Structure formats: C-alpha cells, structure tokens
S.K.: 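Encoded as structure tokens, here's the structure I'll be asking about.
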Amino acid sequence: TKTAEQFLADDHPLQYSITILNEEFPSSAEDPGLRTFFAWGIDTLDQGGVNQLMDDENVGDVRFKEDFTFSPQCQKKLVDACDMLQFGYMPGSQVPDANPLIRELVKRNEDGFFSTKCFLHSFHKHAETMHNVTGSTSGLLDIDRSISSNGTVSLANMRTAMDAYFEDPPQQVEDWAMVLENVGFDGREVKWVSLEIECATLDQWSTL
C-alpha cells in the first residue's frame, strides 16, 4: 500500500485533516521522490530502545561488516552500479533504458537521466588530478587502470586520497552534503559506502 493504515476514527480532527491532505491534495509528478540508499559495508542497525519522538537524533547503533574493503574491484563494481542506475542499462551496452525495473522505480531528473547520486566519479577524478599534480613517482595515488579505464585508488593510497578529497572538495560536486551522506570515512579507512536514488513510486509519506 502507498498510504499508512488508519488508526484514528473518521471524525477525529487529526484524521479529518489527514484525509483532506491525502484526497484533496494528491501527490504530483513534480514532488520529490523518496530518497533511497543502497549501502555496502553495513551489517546491521541495532535500534533497540530507539524512540525518535523522545530523541530524534538517536537512530540506533550501526554494526559494520568486518570483511568489507573499499578495494579497486569494489570501486569498479560500484561505479558500474552507479552508471546502470543513472542511465538505465548495464555498462558497455548501447541500448538506452533497457532495464524496465529501473524505468519503473527510479525517477528522472530535469536532464532526462535517472535521478541518482554517486560520489565515486568525482572521487576518482579528484584522485587522478592529485596524481597528475604530484607525479607518478611520488607513489601517493597510483591510479590503477587495469581494473577500470577510469582508474581506481588502491587500498594503500585510500587514506591519502580520502584525506585530500575531504580537505579540498572538488569543484564539480555541487552538493557536498551528498558526499558526506554516501561515504563513511573515519579518518583511517572507508567503513561503508552507498549510492542514492530518487524513487519514482514512493515519496516521504508513503509506506510499504
């Protein structure tokens, strides 16, 4: 269902207001869709004792996957996932909008692409810029093109690359808050990463 189950009487003032909002002011295609995150590196979220009516900042305790590593292979897979969700087809395919599930579930943005947010392209671009400035002999950011033609960052150089990325945000990132919401860097290692889509079928008031 796309509406929450009613728990108040029809003549209750609050329910009356909710009914009017739902029936007289339907959602529009211009309304923002539900922000949906696909995360890697997070194991479970312990929400025992969480009551956001009493403490809206307490969302629970995250447990991270111990075996998660933001390796070049992982970066390549995530870039592929980002591109597939943004363009609607698998990397290397020349058939646009080939995935009907993406067409159905992911909202399009003003440019006609599917509405996604992925920090990886800007991160790799930033790392490559730093690599070109420092020179390949410095050993700081060895851009590995054996896995991806766009280059990836090795685990040995990840801390340096992330430090530089956070200290000097790239100009091409319009929404820096998006980066902060999609990568969990604790100053030493990347604990988790995510990519975000704007849902076409659900908004912030919808329920599953």
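Not measured: the values here are computed from a predicted model.
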S.K.: Might you work through the side chain to side chain donor-acceptor pair (under 3.5 Å) test for Asn157 and Thr160, ending with a clear yes or no?
M.R.: CA-CA 5 Å; Asn157 295 323; Thr160 302; 5.5 Å; no
S.K.: Could you tell me if the side chain of Leu78 sits less than 4.5 Å from the side chain of Phe70, heavy atoms only?
M.R.: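 A side-chain contact under 4.5 Å exists here.
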S.K.: Could you identify which residues cluster with Val59, counting Ile, Leu, Val, Met, Phe, Trp and Tyr as linked when any side-chain heavy atoms lie under 4.5 Å apart, either directly or through a chain of such contacts?
M.R.: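 None; Val59 is a cluster of one.
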S.K.: Nearest heavy-atom pair of Leu45 and Gly60: which atoms, and what distance?
M.R.: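 In this case the closest contact between Leu45 and Gly60 is CD1-C, 3.9 Å.
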S.K.: Could you report the tightest heavy-atom contact between Met158 and Val153, atom names first, then the distance?
M.R.: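 Where Met158 meets Val153 most closely, the heavy atoms are CE-O, 3.7 Å.
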S.K.: Measuring from Gln86:CD to Lys117:NZ, what's the distance to the nearest 0.5 Å?
M.R.: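 Separation between the atoms: 12.5 Å.
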S.K.: Among the clusters formed by ILVMFWY side chains lying less than 4.5 Å apart, do Trp192 and Leu195 turn up in the same one?
M.R.: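 No; tracing contacts between hydrophobic side chains, which count when under 4.5 Å, never links both residues.
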S.K.: Enter the distance from Met84:CE to Phe114:CZ here, rounded to the nearest 0.5 Å.
M.R.: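 Interatomic distance, Met84 CE to Phe114 CZ, rounded to 0.5 Å: 11.0 Å.
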S.K.: Please round to the nearest 0.5 Å and tell me the distance separating atom CG of Leu85 and atom CD of Glu198.
M.R.: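 Output value for this atom pair is 13.5 Å.
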S.K.: Indicate the atoms forming the closest heavy-atom contact of Ala200 with Val106, along with that distance.
M.R.: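 Heavy atoms only, the tightest pair is CB-C, 3.7 Å.
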S.K.: Does the side chain of Phe123 reach to within under 4.5 Å of the side chain of Met162, using non-hydrogen atoms?
M.R.: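 Yes; the side chains approach each other to less than 4.5 Å.
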S.K.: Once rounded to the nearest 0.5 Å, what's the spacing between atom NZ of Lys76 and atom OG1 of Thr152?
M.R.: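 Going from the NZ atom of Lys76 to the OG1 atom of Thr152 covers 10.0 Å.
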S.K.: Roughly how far, to the nearest 0.5 Å, is CZ of Arg108 from OG of Ser115?
M.R.: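 The distance works out to 11.0 Å.
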S.K.: For residues 180-190, dump all side-chain donor-acceptor pairs below 3.5 Å to protein atoms at least two apart in sequence or in another chain.
M.R.:
| from | atom 1 | to | atom 2 | distance (Å) |
| --- | --- | --- | --- | --- |
| Glu181 | OE1 | Arg35 | NH2 | 2.3 |
| Asn182 | OD1 | Ser194 | OG | 2.8 |
| Asn182 | ND2 | Met178 | O | 2.8 |
| Asp186 | OD1 | Arg188 | N | 2.9 |
| Asp186 | OD1 | Glu189 | N | 2.8 |
| Asp186 | OD2 | Arg188 | NH2 | 3.3 |

S.K.: Please walk me through it: do Val193 and Phe68 pass side chain to side chain contact (heavy atoms under 4.5 Å, CB included)?
M.R.: CA-CA 10 Å; Val193 294; Phe68 174 76; 4.0 Å; yes
S.K.: Can you tell me how far the CZ atom of Phe38 sits from the SG atom of Cys82, to the nearest 0.5 Å?
M.R.: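 Rounded to the nearest 0.5 Å, the CZ-SG separation comes to 11.0 Å.
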S.K.: Compare every heavy atom of Ser154 with every heavy atom of Pro72, then report the nearest pair and how far apart it is.
M.R.: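 Answer, listing the atom of Pro72 first, then Ser154: CG-CA, 4.1 Å.
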S.K.: Kindly assign one of parallel, tilted or perpendicular to the pair Phe119 and Tyr165, based on the angle between their ring planes and the thresholds 30° and 60°.
M.R.: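 Rings of Phe119 and Tyr165: tilted, as their planes differ by 30° to 60°.
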